[in-house]
2 protein chains.
Amino acid sequence: MVTLAEVAQHAGVSASTVSYVLSGKRSISVSTRQRVERSIHELGYHPNAGARALASNRSNIIALMVPLRTDMYVPVMMEIAIAVATSARTHGYDVLLLTGEEGADAVRRVTGSGLADAMIMMDVELDDERLPLLRGTDQPSVLIGLPADTEGLTCVDLDFGATGALCVEHLAMLGHRDIAVIGEAPAVYERHTGFAERTLDGLRSRSRELGLRVLHRPCEGGYDAMSLTLSRIFDERPATTGFVVQNESAVEPLLALLRQQGRAVPEDVSVVAICPEQVATQASVRLTSVAIPAQEMGRTAVERLVAKLGGQGEDDVVLIAPELTVRASTGPAPAAP
Amino acid sequence: MVTLAEVAQHAGVSASTVSYVLSGKRSISVSTRQRVERSIHELGYHPNAGARALASNRSNIIALMVPLRTDMYVPVMMEIAIAVATSARTHGYDVLLLTGEEGADAVRRVTGSGLADAMIMMDVELDDERLPLLRGTDQPSVLIGLPADTEGLTCVDLDFGATGALCVEHLAMLGHRDIAVIGEAPAVYERHTGFAERTLDGLRSRSRELGLRVLHRPCEGGYDAMSLTLSRIFDERPATTGFVVQNESAVEPLLALLRQQGRAVPEDVSVVAICPEQVATQASVRLTSVAIPAQEMGRTAVERLVAKLGGQGEDDVVLIAPELTVRASTGPAPAAP
DNA sequence: ATAGGTTGTCGAAGCGCTTCGACTCGACTG
DNA sequence: CAGTCGAGTCGAAGCGCTTCGACAACCTAT
């Protein structure tokens with residue numbers, strides 16, 4: 001293993017000079033710099049991470065806590081994780097992958113040991129047990145998701161309130177008056193991750209302004225659950241012509257069931273989904289949808305964190321504006337019979 | 001930040017004694033151990049990761065390289081990644097998340113800097129550019145996936161050859177004679193990740209032994225591609241009654257199209273899928289399938305790696321035996337008309 | 001009683017890097 | 001021309017930990 005000292009000797013300078021070439025914290029003459037850089041290259045030198053962390057008190061590692069529940073929003077999570085890893089690298093950081101399993105202990109361990117310089121937490125619950133720890137430490141952190149109390153925290157999330165509003169605006173504009181919302185599984189509401197409630201709040205208050213009738217039903221994914229939910233919806237509100245779907249795994253069942261009942265999309269009923277682009281474009285009907293901007297969320301979180309590490313960022317909440325893409329699943333409401 | 005020395009002082013012993021309490025590498029009297037442990041607890045001490053890595057030359061970190069392509073097998077990848085992170089923790093390791101983006105450079109960087117003690121590589125291609133590096137370093141590594149030449153490498157993967165064979169055996173046993181294989185997207189075959197070819201090889205050779213006719217067609221997922229592929233299959237082999245599907249995103253389209261054509265599953269045609277459990281159980285027909293054992297793969301990879309780090313493991317290939325679960329999508333072949 | 005082991009503890013020497021103060025040398029100022 | 005300044009470089013002091021050799025203190029076997 002090549003060390004700084006060997007590079008220094010090879011280049012005929014002192015170790016500290018090599019260090020300054022690497023960090024750029026003091027000026028170095030062009031000739032020296034080039035000589036050192038050539039030695040580094042020739043010897044294939046890589047600074048030892050441990051030594052560097054010890055001496056500088058910074059590890060250049062960002063910890064990323066992902067939820068353990070692998071049964072939900074998995075593609076979105078993965079996309080965020082990869083976006084975090086990729087952007088972190090462009091800022092000179094590596095990413096340590098923590099699962100939610102350890103919970104608050106993981107936070108203590110990582111901050112206590114100096115393993116990571118900062119932390120990104122995904123899938124934050126409204127009243128998360130890890131939040132007091134984050135507030136109590138001087139280690140920078142960014143949440144992806146929105147807890148109940150954001151005081152002293154930096155959060156990044158899609159503006160789910162605006163997302164809900166946007167969906168019903170689109171349907172209202174097309175003349176739909178009776179809207180059904182296929183929500184996430186009841187478990188999601190019970191866990192209070194918040195985003196589902198926020199969507200609903202935004203959607204309801206905009207509907208009220210627009211004079212729409214809204215029926216909300218949580219729904220586990222899959223055909224059986226969807227079938228039951230759908231028949232109940234039409235029992236209760238036969239005039240329903242617009243659907244907003246937030247549960248990815250209910251999308252395809254919904255489309256299949258509507259087809260089966262002889263209701264054409266978008267001629268008879270319109271469907272707006274809140275889901276990743278990929279789901280929207282690969283469904284059996286190309287879906288009008290509000291995308292979940294996973295990449296942007298990951299990238300933004302890293303940028304915020306790096307700013308804080310540089311002493312510049314301040315605590316605040318970044319809500320990403322939703323964008324609705326019109327595809328083939330929405331159209332004008334049918335004329336009343 | 002609490003240091004070893006502070007713990008030592010608090011407990012009234014020397015620093016080295018505290019270190020030996022922590023590592024257990026020398027015997028310590030019960031009374032001293034208890035005193036030290038109490039001090040550690042009271043002060044909330046966590047060993048500094050950088051200092052430890054520097055002094056011991058081991059970081060207790062495992063690097064995990066995931067593919068950058070976020071468009072494929074994503075849920076499986078995520079499940080593996082989480083299984084790796086979780087198992088690694090039970091062995092005292094943390095996981096560093098690397099994306100494929102940096103390619104071979106990432107391998108050099110991580111091994112060169114001592115950032116990680118070992119490495120797990122997912123989505124290995126048949127002739128991967130990173131393999132020479134892995135062979136050339138003394139850093140232990142495990143691949144998830146199977147390259148062309150496994151000499152000097154440790155690999156973990158599902159036995160895709162046996163998987164293909166198992167699928168056709170099941171169909172043959174039910175009396176099906178004409179089998180169509182809906183393969184992965186052409187891009188997968190072109191990238192030579194290997195698993196798709198191995199499935200096909202195993203499937204073909206077993207079919208030959210069983211006297212089955214096999215028609216293989218690669219297929220991008222989605223409805224349009226599937227529709228085209230399906231009509232070509234029935235044009236060429238009208239007697240087809242058995243399907244093996246390896247492309248997750250073709251599963252639902254296939255079922256929908258068959259339904260639409262009036263072919264009942266499993267009365268008229270049988271479908272076997274190679275996919276994660278979740279896809280099999282959530283599809284519109286509960287699918288007879290061979291599961292991709294993501295958790296087991298991740299766990300096994302970590303166990304292998306930890307064994308190698310302990311100087312015990314040897315290089316070899318671990319092929320996980322496939323298991324076929326019979327559900328509602330396969331049944332006896334219809335009597336010939 | 002004495003040589004030889006064990007057991008438990010300590011001190012000190014690093015691990016490879018960053019960073020501070022100090023030093024040299026040439027260029028500029030008044 | 002002396003004094004001042006900035007640019008460029010070096011030496012040395014740690015960062016917090018592990019680990020080796022040393023050394024008491026005690027036990028066992030002769």
Side-chain angles (χ1 to χ4, degrees), chain A residues 1-37 39-40 43-61 92 94 109-117 309, chain B residues 1-37 39-40 43-61 92 94 109-117 309:
Chain A
M1 202 184 202
V2 192
T3 70
L4 227 210
E6 291 172 311
V7 174
Q9 194 177 3
H10 186 269
V13 298
S14 75
S16 49
T17 301
V18 177
S19 178
Y20 286 123
V21 168
L22 252 29
S23 68
K25 291 192 178 173
R26 285 202 183 172
S27 55
I28 298 286
S29 69
V30 176
S31 66
T32 304
R33 184 200 312 291
Q34 289 178 341
R35 206 144 30 91
V36 170
E37 279 167 354
S39 296
I40 287 175
L43 300 178
Y45 169 71
H46 288 271
N48 179 288
R52 189 168 253 195
L54 177 57
S56 68
N57 210 20
R58 318 196 315 107
S59 64
N60 286 302
I61 289 181
D94 272 295
R109 190 168 59 84
V110 167
T111 56
S113 67
L115 231 188
D117 296 332
L309 284 165
Chain B
M1 199 186 202
V2 191
T3 68
L4 228 208
E6 291 171 313
V7 174
Q9 195 178 2
H10 186 270
V13 297
S14 76
S16 49
T17 300
V18 177
S19 178
Y20 286 122
V21 167
L22 251 29
S23 68
K25 291 191 179 174
R26 285 201 182 173
S27 55
I28 298 286
S29 69
V30 176
S31 67
T32 304
R33 183 199 315 291
Q34 287 177 343
R35 204 144 30 90
V36 170
E37 279 167 353
S39 296
I40 288 175
L43 301 178
Y45 168 70
H46 288 271
N48 179 287
R52 188 167 254 197
L54 178 57
S56 67
N57 210 21
R58 317 196 316 108
S59 63
N60 286 303
I61 289 181
D94 272 296
R109 189 168 60 83
V110 168
T111 55
S113 67
L115 231 188
D117 296 333
L309 284 164

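Letters go in sequence order (proteins before strands), and every chain restarts at 1. Below, each value reflects all heavy atoms present in this structure, side chains not excepted, and no hydrogens, waters or symmetry copies.
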> Is a donor-acceptor pair below 3.5 Å formed from side chain B/Y20 to base D/dC17, judging by atom type as modelled?
Replying inline: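 Between D/dC17 and B/Y20, which were checked side chain against base, a qualifying N/O pair under 3.5 Å is absent.
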Please determine, for the side chain of [X], which listed nucleotide ([options]) has the closest atom?
X	options	result
A/S29	D/dT19, C/dT18, D/dT9	D/dT9
A/R26	C/dA22, D/dT19, C/dC15	C/dA22
B/S27	D/dG8, C/dG8, C/dC10	C/dG8
B/R52	C/dT19, D/dT18, D/dC15	D/dT18
A/S14	D/dC17, D/dC10, C/dT19	D/dC10
A/N48	C/dT18, C/dC17, D/dT18	C/dC17

>> Using side-chain heavy atoms (C-beta onward) and a distance below 4.5 Å, is B/H46 in contact with B/V2?
In response: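 No, too far: nothing below the 4.5 Å cut-off.
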>> Regarding B/S16, tell me which of base, sugar-phosphate or nothing describes its non-hydrogen contacts under 4.0 Å with the strands shown.
In response: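 Base: the residue B/S16, judged by heavy atoms under 4.0 Å, touches a nucleobase.
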>> Please confirm whether the shortest side-chain N or O distance from B/Y45 to OP1 or OP2 of D/dC17 is below 4.0 Å.
In response: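 Yes, because at least one side-chain N or O of B/Y45 sits under 4.0 Å from OP1 or OP2 of D/dC17.
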> Is any side-chain N or O of A/K25 closer than 4.0 Å to OP1 or OP2 of C/dT18?
Replying inline: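 No, outside the criterion.
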>> Quick check on DNA chain C: between B/T32 and A/G50, whose nearest nucleotide comes earlier from the 5' end?
In response: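 Upstream on the strand: B/T32.
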>> Is it the case that atom CD in B/Q9 sees more than 12 heavy atoms from other parts of the structure closer than 6.0 Å?
In response: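 Not more than 12 within 6.0 Å, no.
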> Between the axis at one end of the helix from C/dA1-D/dT30 to C/dG30-D/dC1 and the axis at the other (five pairs apiece), what's the angle to 10 degrees?
Replying inline: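 It works out to 40° between the end axes.
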